[in-house]
Engineer: 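Once you've had a glance at the structure underneath, I'll fire off some questions.
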Amino acid sequence: MLNYLLFAVYLVFLCWLLLRIRSIKNLGIDSKIILGLFLFKIAAGIALGWLSLHFYGAANDYWDINREAWNEYRLLLTDPSKYLTNIFTSDYPGGYGGLFSSYNSFWNDLKGNILIKLVSLFNIFSRGDYYINSLFFNFLVFFGHVALYKLFLKVYPGRKWLVMIGCFLLPSTLYFSSGIHKDGLVFLLLAVLLYTMYQMLNENRTGIKRLVLAGVCLAFLFLIRNFIFIVLTPALLAWILSARYKWNVAIVFIAVYLTGALLLFNINSVFPKIKPLEVITHRQTEYINLGPSDTQIELAVLNPGFKSFAANAPQSLNHVLLRPYLWELPVKSLLPLNIELAIYQLLFLLFLFFRRERSPGPGTPFLAFAIVFTFSLFLLIGYIVPNLGSIVRYRSLYLPLIITPLLCSIEWNSLK
């Protein structure tokens, strides 16, 4: 009963605090709408926590993190010195090796340990209650949605409501970024990074604070999801070059990605110890070896060579862009996600026939970045992930980067 009371008190306090933060007050959105969007976020976090407990029991990623965070909180009370240092120590025989390994690796554990440390601090106020921790966690992640909203509103001024839908209310993004998991942190870090980069590149607001903030976001993205950092690097480089020097956007992105592809497929010829293709194929093998799931799909085995990657690209894009099909229902819980994806596909068709004319503007390099980065990441996900449930979850975090431009590029008045 006390936990319910604490939850209510903290919720009221965070709602009050939210409306007094300057970046929120300057959004130009009515306070009631802001609170409504925030409560949607909180409700999604509660729903994810309850459903994961109901369907999978206490042994699932979300509740495991909360349980480990409680153990860390107890360690903070009994041995503060160890609490402050254990995140930096490795007990594996290989020490600090295995940067891209998924098992028996300090770096693989660090992805979760960063989040566990964060949630352990929430326990000072929550007494270990999952739903109160979810409340604090989603208060932070909500600013990822805010950052994306502010960014896209600069690119599409006058399209406030469409931008709001794309940045706050995409169902799978809202749902999967709201659980106590690395996904929410990745979403927050990426959104803040992109908004900061846009300020520096398009508004000439480069200062030490923004440089440090961008560096911190990049560092934590590397530590939490290193493959996202790798995919992000060429896209950021092309965005920086085209925005900073006003070079032709298409030529810059094509040149950067052709150079990147040549390096990816040939670097081991010059530096034999660097084998990026084997890292990708090894990650696919690790996913396949996890064993079958209820949403398992056939995945062609990758070999570390250009021919194999080129041959498997159509299957990869099919898995990420088209599946689950509307009629594909290995488990009932996929149905809302099938419908959501079908709606996005319909939006793309509307875009083809009712496209809004828009001359190139200062936001064009960012839009090129958003599309190229997202599809590059989707291609990688399709290469290595052999089940629909995981594909839907991984894909959801990046949907605002392509669905928001899609919503804003349709001439809705023509549909009348």
Side-chain angles (χ1 to χ4, degrees), residues 144-145 147-149 151-152 155-156 162-163 165-177 182-184 186-198 201 217-218 221 224-240 242-243 249-250 252-254 256-257 260-261 264 280 309 313-323 337 340-341 343-345 347-348 351-352 363-385 390-410:
H145 296 275
L148 283 183
Y149 174 81
L151 170 52
F152 275 108
V155 180
Y156 295 105
L162 294 172
V163 171
I165 292 170
C167 295
F168 286 97
L169 297 174
L170 299 185
S172 58
T173 306
L174 182 65
Y175 181 75
F176 287 110
S177 67
K182 297 185 290 290
D183 297 335
V186 169
F187 178 79
L188 172 64
L189 291 167
L190 182 62
V192 172
L193 171 66
L194 298 186
Y195 180 64
T196 305
M197 292 297 298
Y198 190 90
L201 293 172
C217 290
L218 281 169
L221 280 172
I224 295 173
R225 287 274 168 82
N226 47 39
F227 70 88
I228 294 176
F229 176 89
I230 293 169
V231 176
L232 192 59
T233 302
L236 275 179
L237 176 61
W239 179 15
I240 291 169
S242 55
V249 174
V252 169
F253 274 83
I254 290 171
V256 168
Y257 273 83
L264 178 67
I280 299 172
F309 276 74
Q315 182 196 65
S316 168
L317 292 175
N318 171 61
H319 286 176
V320 181
L321 298 179
L322 302 179
R323 298 183 70 176
L337 301 166
E340 180 189 10
L341 183 59
I343 292 172
Y344 296 153
Q345 292 163 356
L347 282 176
F348 181 69
F351 166 75
L352 294 179
T364 303
F366 164 70
L367 291 175
F369 160 85
I371 294 168
V372 173
F373 165 69
T374 304
F375 278 89
S376 301
L377 197 55
F378 281 4
L379 185 63
L380 181 61
I381 292 170
Y383 275 140
I384 65 177
V385 181
S390 295
I391 286 175
V392 166
R393 190 184 115 214
Y394 295 148
R395 177 179 64 200
S396 68
L397 302 182
Y398 315 100
L399 287 176
L401 296 179
I402 54 173
I403 300 302
T404 307
L406 203 57
L407 287 167
C408 295
S409 299
I410 295 172

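Quick caveat: nothing in here was measured; it's all calculated off a predicted structure.
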Engineer: Do side-chain atoms of T173 reach the backbone of S396 as a donor and acceptor pair under 3.5 angstrom?
Structural biologist: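 Checking the backbone N and O of S396 against the side chain of T173, a donor-acceptor pair under 3.5 Å is found.
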Engineer: For the residue pair Y344 and L170, establish whether any side-chain heavy-atom pair is separated by less than 4.5 Å.
Structural biologist: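 Yes, close enough: below the 4.5 Å cut-off.
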Engineer: Considering all heavy atoms of both residues, which atom of E340 and which atom of L399 are nearest to each other, and what is their separation?
Structural biologist: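 Here E340 and L399 meet closest at OE2-CD1, 4.4 Å.
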Engineer: Evaluate F366 against F152 for ring-ring contact (aromatic ring centres under 6.0 Å, His included), listing each step before the verdict.
Structural biologist: CA-CA 10 Å; F366 164 70; F152 275 108; 5.4 Å; yes
Engineer: Donor-acceptor pair, S242 side chain versus V249 backbone, under 3.5 Å?
Structural biologist: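 Pair absent, no side-chain N/O of S242 close to backbone of V249.
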Engineer: For the CG atom of L162 and the SG atom of C167, what is their distance to the nearest 0.5 Å?
Structural biologist: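 With rounding to 0.5 Å, CG (L162) is 10.5 Å from SG (C167).
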Engineer: May I ask you to test the I280-I384 pair for a side-chain heavy-atom distance under 4.5 Å?
Structural biologist: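 Yes. Closest side-chain heavy atoms under 4.5 Å.
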Engineer: What distance do M197 atom CE and L232 atom CG have between them, rounded to the nearest 0.5 Å?
Structural biologist: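 That separation rounds to 9.0 Å.
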Engineer: Distance from Y394 atom OH to I228 atom CD1, nearest 0.5 Å?
Structural biologist: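 Separation between the atoms: 10.0 Å.
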Engineer: Quick one: closest heavy-atom pair of S177 and L174, and the distance?
Structural biologist: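 So the two residues come closest at OG-O, 3.6 Å.
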Engineer: Name the orientation class of the two ring planes belonging to Y383 and F309 (parallel below 30°, tilted from 30 to 60°, perpendicular beyond 60°).
Structural biologist: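 Y383 vs F309 ring planes: perpendicular.
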Engineer: If we only count heavy atoms from C-beta on, is the F168 to L148 side-chain gap below 4.5 Å?
Structural biologist: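 F168 vs L148: side chains apart.
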Engineer: Indicate the atoms forming the closest heavy-atom contact of S172 with L337, along with that distance.
Structural biologist: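 For S172 versus L337, the nearest heavy atoms are CB-CD2, 3.8 Å.
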Engineer: Looking at side-chain heavy atoms only, is the closest gap between F373 and V231 below 4.5 Å?
Structural biologist: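 Yes; the side chains approach each other to less than 4.5 Å.
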Engineer: Return the CG to CG distance between L190 and L218, rounded to the nearest 0.5 Å.
Structural biologist: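 Going from CG on L190 over to CG on L218, the span is 9.5 Å.
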Engineer: Should R225 and D183 be marked as a side-chain contact (heavy atoms from CB on, under 4.5 Å) after you check the CA-CA gap, both sets of side-chain angles, and the distance that decides it?
Structural biologist: CA-CA 9 Å; R225 287 274 168 82; D183 297 335; 3.1 Å; yes
Engineer: I need the minimum non-hydrogen distance between A368 and F253, along with the two atoms involved.
Structural biologist: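 Smallest heavy-atom distance, with atoms named: CB-CE1, 3.6 Å.
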Engineer: I need the minimum non-hydrogen distance between C217 and L193, along with the two atoms involved.
Structural biologist: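 Of all heavy-atom pairs spanning C217 and L193, the closest is CB-CB, 3.9 Å.
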Engineer: Out of curiosity, I381 CD1 to S376 OG, how far, rounded to the nearest 0.5 Å?
Structural biologist: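 Reported value, rounded in 0.5 Å steps: 11.0 Å.
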Engineer: Assess the residue pair L194 and L401 against the criterion (side-chain contact (heavy atoms from CB on, under 4.5 Å)); give the C-alpha distance rounded to whole Å, side-chain angles, the decisive distance to 0.1 Å, and a yes or no.
Structural biologist: CA-CA 10 Å; L194 298 186; L401 296 179; 3.8 Å; yes
Engineer: Quick one: does H319's side chain get under 4.5 Å of I391's, heavy atoms only?
Structural biologist: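 Yes; the side chains approach each other to less than 4.5 Å.
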Engineer: Roughly how far, to the nearest 0.5 Å, is the CG atom of L321 from the CG atom of L341?
Structural biologist: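 Answer rounded to 0.5 Å: 8.5 Å.
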Engineer: Between V163 and C408, which heavy-atom pair has the shortest distance, and what is it?
Structural biologist: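 Minimum heavy-atom contact is CG2-SG, 3.7 Å.
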Engineer: Quick check: do F369 and L236 have side-chain heavy atoms less than 4.5 Å from each other?
Structural biologist: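 Of all side-chain heavy-atom pairs linking L236 with F369, at least one is under 4.5 Å.
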Engineer: Looking at R393 and F176, would you say the former's side chain and the latter's main chain have a donor-acceptor pair under 3.5 Å?
Structural biologist: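 No; zero donor-acceptor contacts below 3.5 Å.
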Engineer: Does the side chain of P365 reach to within under 4.5 Å of the side chain of L201, using non-hydrogen atoms?
Structural biologist: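 No - every pair of side-chain heavy atoms lies 4.5 Å or more apart.
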Engineer: Quick check: do L352 and F348 have side-chain heavy atoms less than 4.5 Å from each other?
Structural biologist: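 Counting from C-beta outward, L352 and F348 do come under 4.5 Å.
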